[in-house]
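Encoded as structure tokens, the structure appears first; notes follow it.
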Amino acid sequence: MKTVIIGGVAGGASAAARLRRLDESAEIVIFERGEYVSFANCGLPYYIGGVITNKQSLTLQTPESFRARFHIDVRVNSEVVKIGIHTKTVTVKHLKTGEIYTEHYDHLILSPGAEPIKPNIDGIDSDFVFTLRNIPDTLKIKAFIEDKKPSSAVVIGGGYIGVEMAENLKKAGLEVSIVELADHLIAPLDFDMAADVHRYIKSKGIRLYLNNGVRAIDGHTVLLQNGAINADMVILSVGVRPETTLAQECGIKTNRRGSIIVDRAMKTNIPDIYAVGDAVEVNDFVTGNPAFIPLAGPANKQGRIAADRIAGYDSEYTGTQGSAVLQLFDMTVATTGLNEKSAKAAEIDYDKTYLYSASHASYYPGAANMSIKALWDKKTLKLIGAQIVGFGGVDKRMDVLAAAIRFGAKITDLTALELCYAPPVGSAKDPVNMLGFVGENIVTGKIKQFFWHDVENLPRDGSVTLLDVRTVTEVGRGKIDGFMNIPLDSLRARINEVPKDKPVYVHCHSGLRSYIACRILAGNGYDCYNLAGGWRLYESVINEKTVPEYICTECK
């Protein structure tokens, strides 16, 4: 039996290697249009920034290594230009020699990936405007930096790749700006969690132009909807689209986006043709709805499942939940599942909470707080999403939460997890446990919450009591208008200063002391609400909403 695979990298290469492990007698051919069949796609920005110094490190497998280890026939610089579904053949053009020939298949796996979107604007094809998809793109950008010595760069698009490129261009010595059409970076984050990212990335000297788009590139000036920026080079990172023209031409079904529609076995509507990776439509694991979530991990798993099916095993792909992590200088940003926008779009009645907790035992040197946000379904209490921003231990906690979502855990189940503890790496009550404790308190009615977006609308007419339980020193650094201050440790002695006949809205720095204050007040007959995330979160979000964006004055 002969299996032909169109495209390598994550999905195609994974399928080929898996199929060989399952069937030593299978004939396997990979056609790859480019020069590289298997490379570290996610590592490309770090070569540009000089973190990865050896170009060969980006190449995971070569045609020679595939043949030597797996006895797989890899043909690079070979573009499949037609699929004959009735004859079960592919027509191949060798891009260097021009030779055109056909190849028979018994099974066909499509792994064409996704291509960068290029907006239809003037100047987009200038020789200093780049996209990043593969190793040749990387080498072009690297060569431009080394040969032309640009001093400034604009990254258009603030997703994961855009932010990684901004960081690495900064490390390469350039002045960097990011232009993003949305109101925050990294779309899977909610604005409130992105606020800390904005503050941090600006502290590293990277300028942000949010709620802004590019109208045109005129010479070396990037003209925005609001303002303009001078740039010696431009990186386009506004998203990707599935590269599925070949599939569509032979009658394979795609959706409106162009993604190939597959079943749980990764089969298309055409017999014996499978599709994997960034080119396929997936089901969102949490909602079950069709989705486009191009990530390397799911692509690898899909390639494995296609190979299993061809070899006669009943593997199924159960959906993508969008677990992802970003290292930004010293900061780590991680997400999994739904954010508030996607939960609302799916019409899920959800609740949420925030936690600000140390990466390991606070008495052990080097502990740093991380900001955690979790969403859960009010009806089932199942976790549906989480976001973490911090400087240590972020990936570890997000991996636990991602696994919890995959296995259907409730927010309250997190209290029972027995996680590893030693002072240098964790706490006896791990942040994941603490998240469960907070959720349990909310679910069982031990605490009622209000949020940063509720503060502005709280009445200041005396009908409610607004209480700040931070220390006097903390209040001196900044406060919310209308809140009276009684430090937590003085609350019992001064409780008579708090009217008992009206609701009390309490905040502290992170939400912990105000929770204790609420328990004290509730124990004395008060109706109390705690500011989730505390002053720290409120101040971060409000600051980001009110600080004006950078404008290039010399470009006006």
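In this structure, CG on L210 lies 7.0 Å from CD on E180, to the nearest 0.5 angstrom. Rounded to the nearest 0.5 Å, atoms CG (D278) and OG (S111) are 8.0 Å apart. Atom CD of residue E544 and atom CG of residue D192 lie 12.0 Å apart, to the nearest 0.5 angstrom. Here the CG atom belonging to L169 is positioned 8.5 Å from the CD1 atom belonging to I206, to the nearest 0.5 angstrom. To the nearest 0.5 Å, the span separating CZ on F329 from CZ on F391 amounts to 11.5 Å. To the nearest 0.5 angstrom, E164 atom CD is 9.5 Å from L132 atom CG.
Between Y47 and L139, the closest side-chain pair of non-hydrogen atoms falls below 4.5 Å. Contact check for I405 versus Q321: side-chain heavy atoms found under the 4.5 Å cut-off. The closest side-chain heavy-atom distance from N485 to L467 is not below 4.5 Å. Contact annotation: the side chain of C528 never approaches that of K448 to less than 4.5 Å [non-hydrogen atoms, C-beta and beyond]. Using a 4.5 Å heavy-atom cutoff, the side chains of L110 and V276 are not in contact. Side-chain contact between P188 and Y160 is present, with at least one heavy-atom pair separated by less than 4.5 Å. Using a 4.5 Å cut-off on side-chain heavy atoms (C-beta onward), D232 and K149 make no contact. Between L246 and I6 the shortest side-chain heavy-atom distance falls below 4.5 Å.
Not a single donor-acceptor pair under 3.5 Å links the side chain of T53 to the backbone N or O of G50. For the pair S514 (side chain) and S510 (backbone), a donor-acceptor distance under 3.5 Å is absent. No side-chain donor-acceptor contact under 3.5 Å links T353 to the backbone of G439. At least one donor-acceptor pair closer than 3.5 Å links the side chain of D137 to the backbone N or O of R133. Remark: the backbone N or O of F451 is not paired with any side-chain donor or acceptor of Y354 at under 3.5 angstrom. With S359 contributing its side chain and A368 its backbone, the two residues share a donor-acceptor pair below 3.5 Å. No side-chain donor-acceptor contact under 3.5 Å links H184 to the backbone of A195. S203 places a side-chain N or O within 3.5 Å of a backbone atom of Y200 that can act as its donor or acceptor partner. At least one donor-acceptor pair under 3.5 Å links the side chain of S237 to the backbone N or O of G162. Under the 3.5 Å distance criterion, the side-chain polar atoms of R460 are left unmatched by any main-chain donor or acceptor of L466.
Using a cut-off of 4.0 Å between Lys/Arg side-chain N and Asp/Glu carboxylate O, D377 and K379 are scored as not salt-bridged. Comment: K479 does not engage E539 in a salt bridge, judged by the lack of any side-chain N to carboxylate O separation of less than 4.0 angstrom. A salt bridge is defined here as a Lys NZ or Arg NE, NH1 or NH2 lying under 4.0 Å from an Asp or Glu carboxylate O, and R536 with D196 meets this definition. With respect to E175 and R207, no salt bridge is recorded, no charged nitrogen being found less than 4.0 Å from a carboxylate O. A salt bridge between E340 and K373 is present, with a side-chain N of the basic residue lying under 4.0 Å from a carboxylate O of the acidic one. A salt bridge between E243 and R33 is present, with a side-chain N of the basic residue lying under 4.0 Å from a carboxylate O of the acidic one.
There is no side-chain donor-acceptor pair under 3.5 Å between T335 and Q387. For the residue pair N441 / Y515, a side-chain donor-acceptor distance below 3.5 Å is found, with atom types taken as modelled. Between the side chains of T221 and D218, not a single donor N or O lies within less than 3.5 Å of an accepting N or O. A donor atom on one side chain and an acceptor atom on the other are found under 3.5 Å apart for E474 and T471. Side-chain atoms of Q449 and N530 include no donor-acceptor pair closer than 3.5 Å.
Within 6.0 Å of the CG atom in D461, the count of heavy atoms belonging to other residues, nucleotides or ligands exceeds 12. Taking a 6.0 Å sphere around CG of D122, one finds it holds 12 or fewer heavy atoms contributed by other residues, nucleotides or ligands. Within a 6.0 Å radius of NZ in K352, more than 12 heavy atoms belonging to other residues, nucleotides or ligands are found. For D481, the CG atom is loosely surrounded, since the number of other residues' heavy atoms within 6.0 Å does not exceed 12.
When ring centroids are compared, F128 and F144 stay outside the 6.0 Å threshold.
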Go through the steps to decide whether R241 and E115 satisfy the test side-chain contact (heavy atoms from CB on, under 4.5 Å), and finish with yes or no.
CA-CA 5 Å; R241 63 166 62 92; E115 59 184 344; 3.6 Å; yes
R406 and T318: CA distance, side-chain angles, deciding distance, side-chain contact (heavy atoms from CB on, under 4.5 Å) verdict:
CA-CA 10 Å; R406 179 62 63 164; T318 56; 2.9 Å; yes
With side-chain contact (heavy atoms from CB on, under 4.5 Å) as the criterion, how do Y538 and H507 come out once you've worked through the C-alpha distance, each side chain's angles and the decisive distance to 0.1 Å?
CA-CA 10 Å; Y538 169 84; H507 86 80; over 6 Å; no
Which is it for D351 and K378 under the salt bridge (Lys or Arg N to Asp or Glu O under 4.0 Å) test, yes or no, and what are the steps along the way?
CA-CA 6 Å; D351 208 342; K378 284 184 180 180; 5.0 Å; no
After noting the C-alpha distance and the side-chain angles of I48 and M165, does the key distance pass the side-chain contact (heavy atoms from CB on, under 4.5 Å) rule?
CA-CA 8 Å; I48 293 168; M165 279 301 303; 3.8 Å; yes
D125/K118 under salt bridge (Lys or Arg N to Asp or Glu O under 4.0 Å): CA gap, chis, key distance, verdict
CA-CA 9 Å; D125 294 319; K118 292 186 71 172; 2.9 Å; yes
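For I229 against S177, the heavy-atom pair with the smallest separation is CG2-OG, 4.0 Å. Taking all atoms of both residues into account, the shortest heavy-atom contact from R215 to L224 is NE-O, 2.7 Å. Nearest heavy atoms, A10 versus A296: CB-O, 4.2 Å. V286 approaches L338 most closely through the heavy-atom pair CG1-CD1, 3.7 Å. When every heavy atom of I124 is checked against every heavy atom of P119, the shortest pair comes out as CG1-O, 3.6 Å. Residues L295 and G322 come closest through the heavy atom pair CD1-CA, 3.8 Å.
Classified by interplanar angle (parallel below 30°, tilted 30° to 60°, perpendicular above 60°), the ring pair Y529/Y505 is parallel. Classification of the H509-Y356 ring pair by plane angle, with boundaries at 30° and 60°, yields perpendicular.
Remark: of the listed residues V282, V240, T320, V280, V240 is the sole one forming a side-chain contact (heavy atoms from CB on, under 4.5 Å) with P294.
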